[in-house]
Amino acid sequence: MESKQNRYILIGLTIICVVLIVVTSITDSWLAPLRTGVGYVLIPIQSGVNRVGSVIYDELVDFSQLKTALEENAALKQEVSELTETNNRLMSQQFELERLRQLYELDQNYLQYEKVAARVIANDTGDWFQVFRINKGSADGIEVGNNVMAGGGLVGIVTDTGANYATVRSIIDDSSRVSAMAMQSGDTCLVGGDLTLYKEGRLRISNIKKNADVKEGDRIVTSNISSAFLPGILIGYATDITVDSNQLTSSGYLIPVAEFDSLQEVLIITQVKQTGDTTGE
């Protein structure tokens with residue numbers, strides 16, 4: 001009896017398996033066209049979605065890279081700006097150091113005179129420093145008539161003082177006259193200011209005696225007989241000396257040793273040769 005039941009169970013399970021196989025075969029063959037149709041629709045959509053996703057991803061990557069690049073560019077610009085500012089400051093300090101070195105050398109060349117250093121703080125209108133002001137005055141021992149030097153030699157003379165400033169008239173001013181001499185021979189001459197002529201980088205030399213030995217390249221310095229300027233201060237170099245039409249005197253030009261378009265620091269000799277006329281001679 002028990003074996004008969006087992007046989008019935010086995011036969012039932014077999015029938016169920018056969019039915020499932022048949023149903024599965026029929027279902028697969030019926031669903032295959034549907035799956036194929038759905039594939040034709042879904043695959044392009046999926047491909048499009050993938051492409052859109054790739055584009056969005058690439059855009060996000062590009063945007064991230066662009067943002068990073070912009071940040072790096074801004075940082076580099078800031079660094080360049082800081083380096084440029086540092087370089088300009090170092091160059092300015094180098095130029096100032098060079099000017100101070102020249103001023104020190106000038107001071108050493110005239111150790112016989114007591115001097116005070118000052119900075120140029122203003123000049124009258126125009127391209128040249130024919131009249132300018134310095135940041136030292138009577139409180140610093142500056143007096144009218146003090147000789148002023150810069151750039152290797154004579155610049156001018158103090159014409160006015162306040163407690164904390166002084167006015168200087170330079171030797172290129174039209175009203176300036178300096179009694180001078182050739183260092184090599186001691187022959188005297190007169191150096192006259194001339195703003196028009198100075199545009200060519202020269203001043204005028206006159207009143208040279210006919211037989212005087214003043215020639216090209218001679219060092220012209222302030223003379224011993226000057227009433228306003230201390231002796232032996234270099235003014236410049238003689239050039240183009242010729243005999244005048246009167247055949248009694250010679251004249252020519254002088255190339256100043258100082259540069260009157262960029263004065264920044266000067267030395268003031270505190271000794272006064274003679275007060276009075278500060279236009280020179």
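Under a 3.5 Å cut-off, the side chain of D160 and the backbone N or O of T167 do not form any donor-acceptor pair. Side-chain atoms of T222 come within 3.5 Å of backbone atoms of L230 as a donor-acceptor pair (strictly under, hydrogens ignored). In this structure a side-chain-to-backbone donor-acceptor pair under 3.5 Å is present from D174 to L195. The closest donor-acceptor contact from the side chain of K136 to the backbone of A117 lies under 3.5 Å. Here the side chain of N146 pairs no donor or acceptor atom with the backbone of I268 at under 3.5 angstrom. Judged by distance alone, with hydrogens and angles left aside, the side-chain atoms of S250 form no donor-acceptor pair with the main-chain N or O of I241 at under 3.5 Å. Using a distance-only test at 3.5 Å, with no hydrogens or angles considered, no donor-acceptor pair links the side chain of E265 to the main chain of A118. When atom types are taken as modelled, the side chain of D173 and the backbone of S175 share a donor-acceptor pair closer than 3.5 angstrom.
Across all their heavy atoms, T249 and N246 have their closest contact at N-OD1, 3.2 Å. F129 and N123 get closest at one heavy-atom pair: CD2-CB, 3.6 Å. N164 and A139 get closest at one heavy-atom pair: OD1-CB, 4.2 Å. Nearest approach of L254 to I235, heavy atoms of both residues: CD2-CG2, 4.0 Å. The minimum heavy-atom distance between K273 and N224, with the atom names listed, is NZ-O, 3.0 Å. Across all non-hydrogen atoms, the minimal contact from R202 to D240 is NH1-OD2, 3.1 Å.
The CD1 atom of I208 sits 13.5 Å away from the CG atom of L248 when rounded to the nearest 0.5 Å. Rounding to the nearest 0.5 Å places OH of Y198 at 11.0 Å from CD of Q130. Atom-to-atom distance recorded for I255:CD1 and T239:OG1 is 5.0 Å, nearest 0.5 angstrom. Taken to the nearest 0.5 Å, the CG atom of N147 stands 12.0 Å off from the CG atom of L267. Between the OH atom in Y253 and the CG atom in L203 there is a gap of 11.5 Å [rounded to 0.5 Å]. Between I142 atom CD1 and T270 atom OG1 the span is 7.0 Å, to the nearest 0.5 Å.
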(request) Go through the steps to decide whether K209 and D187 satisfy the test side chain to side chain contact (heavy atoms under 4.5 Å, CB included), and finish with yes or no. (result) CA-CA 8 Å; K209 294 180 180 179; D187 289 317; over 6 Å; no
(request) Determine, stepwise, if the pair V221 / I233 fulfils side chain to side chain contact (heavy atoms under 4.5 Å, CB included). (result) CA-CA 5 Å; V221 300; I233 302 174; 5.9 Å; no
(message) Could you go through R219 and L234, starting from their C-alpha distance and side-chain angles, then the distance that decides it, and tell me whether this counts as side chain to side chain contact (heavy atoms under 4.5 Å, CB included)?
(response) CA-CA 7 Å; R219 292 164 62 92; L234 180 63; 4.0 Å; yes
(request) Show the numbers, then the answer: is there a side chain to side chain contact (heavy atoms under 4.5 Å, CB included) between V191 and F229? (result) CA-CA 12 Å; V191 176; F229 294 96; over 6 Å; no
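When hydrophobic clusters are built by joining Ile, Leu, Val, Met, Phe, Trp and Tyr residues whose side-chain heavy atoms come closer than 4.5 Å, directly or via intermediates, L190 is not grouped with V243. I269 and Y165 end up in different hydrophobic clusters when Ile, Leu, Val, Met, Phe, Trp and Tyr side chains are linked at under 4.5 Å. Hydrophobic clustering (side-chain heavy atoms under 4.5 Å, transitive across Ile, Leu, Val, Met, Phe, Trp, Tyr) keeps I171 apart from V131. When hydrophobic clusters are built by joining Ile, Leu, Val, Met, Phe, Trp and Tyr residues whose side-chain heavy atoms come closer than 4.5 Å, directly or via intermediates, W128 is grouped together with M149. I121 and V158 sit in two unconnected hydrophobic clusters of ILVMFWY residues. Membership requires side-chain heavy atoms under 4.5 Å apart, directly or through other members.
Using modelled atom types, one finds a donor on one side chain and an acceptor on the other under 3.5 Å when comparing S179 with S223.
Under the side chain to side chain contact (heavy atoms under 4.5 Å, CB included) test applied with C189, the options V214, I220, N207 reduce to a single match, I220.
Electrostatic pairing of K210 and D244 does not count as a salt bridge here, judged by no charged N lying under 4.0 Å from a carboxylate O.
A parallel orientation is assigned to the rings of Y113 and Y110, their planes being inclined by less than 30° (bins at 30° and 60°).
Partners of E259 under the side chain to side chain contact (heavy atoms under 4.5 Å, CB included) rule, at least two apart in sequence or in another chain, are D261, S262.
Using a 4.5 Å heavy-atom threshold, the side chains of D213 and Q184 count as separate.
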